[in-house]
Amino acid sequence: SQIREMPRKLILQDFLPYLLNRAGLRVGLMFSRDIEPFDVSLPMWRVLVELWRNGEHRLGELSERTSIDMSTLSRLVVAMQRKELIVRRRSGLDGRALSLTLTPRGLTLAEKIAPYAMRYETVAMKGMSTREVATLKDLLKRAYTNLEEAEKKPAKRPAAKARPARKRAKRRVKSSA
C-alpha cells in the first residue's frame, strides 16, 4: 500500500491543542498538589468555587458550568456530601428538581483555597498586560465555543480498517475427580 505524502507542517510545540493541554496539565498538577492537604480534588474545587461564586445550582446547570459530565458529577456530589461540603435540597422553583448548595464547611473551604487558585492565575499570566490577559481569556472562550459547536456536527473520519477476528483460547476445565 502506498503512503500518501503529507506536508509536515504540524509542529507539536506550536500546535494549539498541545499548548492548551500542556498549560492546563501544568497548572492542574501544581494546584492539585496545593489543595491535596484540604482533601479536595480539582473537580471538587470547580464545584466548590462555582457554588461559592454563584450560589445554588441544579445538577445539570452545575455540570455545564464546571465542564464535568453528569455521571462523574453525580458521583462527585455524593462524595462531597459525605465530606459535608455540599447539601442537596428541593429547588424552590421546581419542587421535583434538586439544588446543590454549599454547607458552612464547604463555604469556609472554598474561601481557604481561593487564594491558591488566584496565585496560579497570577503566575501563569506573569509578563502579560491586563489587555493581553483579557484577550487570551476571550480567545480561549471562543476556542471552547468553536469546539463545542464542532462536536455537535459529525466529523468526517477516515474509515477504520477491519481487524481480523481473534481466535478464542480454549478453556481448560479442571476435573474434580
Side-chain angles (χ1 to χ4, degrees), residues 12-13 15-126 128 133-155 157 160:
L12 181 63
Q13 293 75 19
F15 187 53
L16 182 63
Y18 170 76
L19 293 170
L20 291 171
N21 187 56
R22 183 177 170 210
L25 278 174
R26 174 64 53 97
V27 76
L29 288 171
M30 293 170 73
F31 183 59
S32 291
R33 256 193 326 253
D34 282 353
I35 65 174
E36 190 176 16
F38 296 102
D39 196 28
V40 174
S41 67
L42 199 51
M44 284 180 182
W45 162 247
R46 293 193 333 232
V47 170
L48 285 172
V49 76
E50 181 59 28
L51 294 174
W52 176 59
R53 176 74 174 92
N54 295 309
E56 76 177 46
H57 283 313
R58 289 189 307 220
L59 195 64
E61 183 182 32
L62 192 59
S63 172
E64 189 176 310
R65 305 247 335 150
T66 60
S67 296
I68 302 171
D69 71 83
M70 286 288 281
S71 61
T72 301
L73 183 59
S74 294
R75 290 188 301 275
L76 198 61
V77 163
V78 170
M80 293 177 78
Q81 282 182 286
R82 283 190 199 123
K83 293 174 184 275
E84 299 178 356
L85 301 174
I86 60 173
V87 291
R88 279 197 273 196
R89 298 187 178 136
R90 293 280 170 208
S91 174
L93 302 172
D94 179 356
R96 296 169 296 167
L98 292 173
S99 283
L100 302 166
T101 190
L102 290 177
T103 62
R105 184 169 187 255
L107 178 68
T108 299
L109 193 56
E111 289 173 347
K112 281 182 182 175
I113 296 174
Y116 292 93
M118 297 304 295
R119 176 178 171 265
Y120 284 108
E121 182 175 66
T122 300
V123 167
M125 302 304 160
K126 184 179 173 185
M128 295 182 202
V133 170
T135 299
L136 176 60
K137 288 179 179 183
D138 287 343
L139 292 171
L140 289 170
K141 289 172 189 174
R142 189 180 320 159
Y144 185 85
T145 300
N146 291 344
L147 292 166
E148 202 172 38
E149 289 172 8
E151 189 175 40
K152 294 174 187 172
K153 299 173 187 169
R157 293 187 174 99

Show, in sequence, the C-alpha distance, side-chain angles and deciding distance for L62 and L51, and conclude whether the side chain to side chain contact (heavy atoms under 4.5 Å, CB included) test is met. CA-CA 8 Å; L62 192 59; L51 294 174; 4.2 Å; yes
Does the pair L73 and V47 meet the rule for a side chain to side chain contact (heavy atoms under 4.5 Å, CB included), with working shown? CA-CA 9 Å; L73 183 59; V47 170; 3.6 Å; yes
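Judged as a side-chain contact (heavy atoms from CB on, under 4.5 Å), and not counting sequence neighbours, the contacts of A114 are W45, W52. The side-chain contact (heavy atoms from CB on, under 4.5 Å) check on R53 picks up nothing, with sequence neighbours excluded. Applying the salt bridge (charged side-chain N to carboxylate O under 4.0 Å, His left out) criterion to E121, with sequence neighbours excluded, gives K137. Residues passing the ring-ring contact (aromatic ring centres under 6.0 Å, His included) test with Y116, sequence neighbours excluded: F38.
Here the side chain of R58 pairs no donor or acceptor atom with the backbone of L98 at under 3.5 angstrom. Formation of a donor-acceptor pair under 3.5 Å by the T101 side chain with backbone atoms of E56 is not found in this model.
More than 12 heavy atoms of other residues, nucleotides or ligands lie within 6.0 Å of CD in E148, so this atom counts as buried by the packing criterion. Counting non-hydrogen atoms of other residues, nucleotides and ligands closer than 6.0 Å to CD of E36 gives a total of 12 or fewer.
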List the atom pairs, donor and acceptor, that lie under 3.5 Å between side-chain atoms in residues 75-87 and the rest of the protein, sequence neighbours left out.
residue: R75; atom: NH1; partner: S71; partner atom: O; Å: 3.4
residue: Q81; atom: OE1; partner: R88; partner atom: NE; Å: 3.2
residue: Q81; atom: OE1; partner: R88; partner atom: NH2; Å: 3.2
residue: K83; atom: NZ; partner: D39; partner atom: O; Å: 3.2
residue: K83; atom: NZ; partner: D39; partner atom: OD1; Å: 3.3
residue: K83; atom: NZ; partner: D39; partner atom: OD2; Å: 2.5

For residues 16-32, run the donor-acceptor check on the side chains, cut-off 3.5 Å, and write out each pair with its distance to 0.1 Å, sequence neighbours left out.
residue: S32; atom: OG; partner: G28; partner atom: O; Å: 2.7

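Inter-residue side-chain proximity for L59 and S74 is flagged as met; some heavy-atom pair is nearer than 4.5 Å.
Judged purely by distance below 3.5 Å, without hydrogens or angles, the side chains of D69 and T72 pair a donor atom with an acceptor atom.
Rounded to the nearest 0.5 angstrom, L42 CG and R33 CZ are separated by 12.5 Å.
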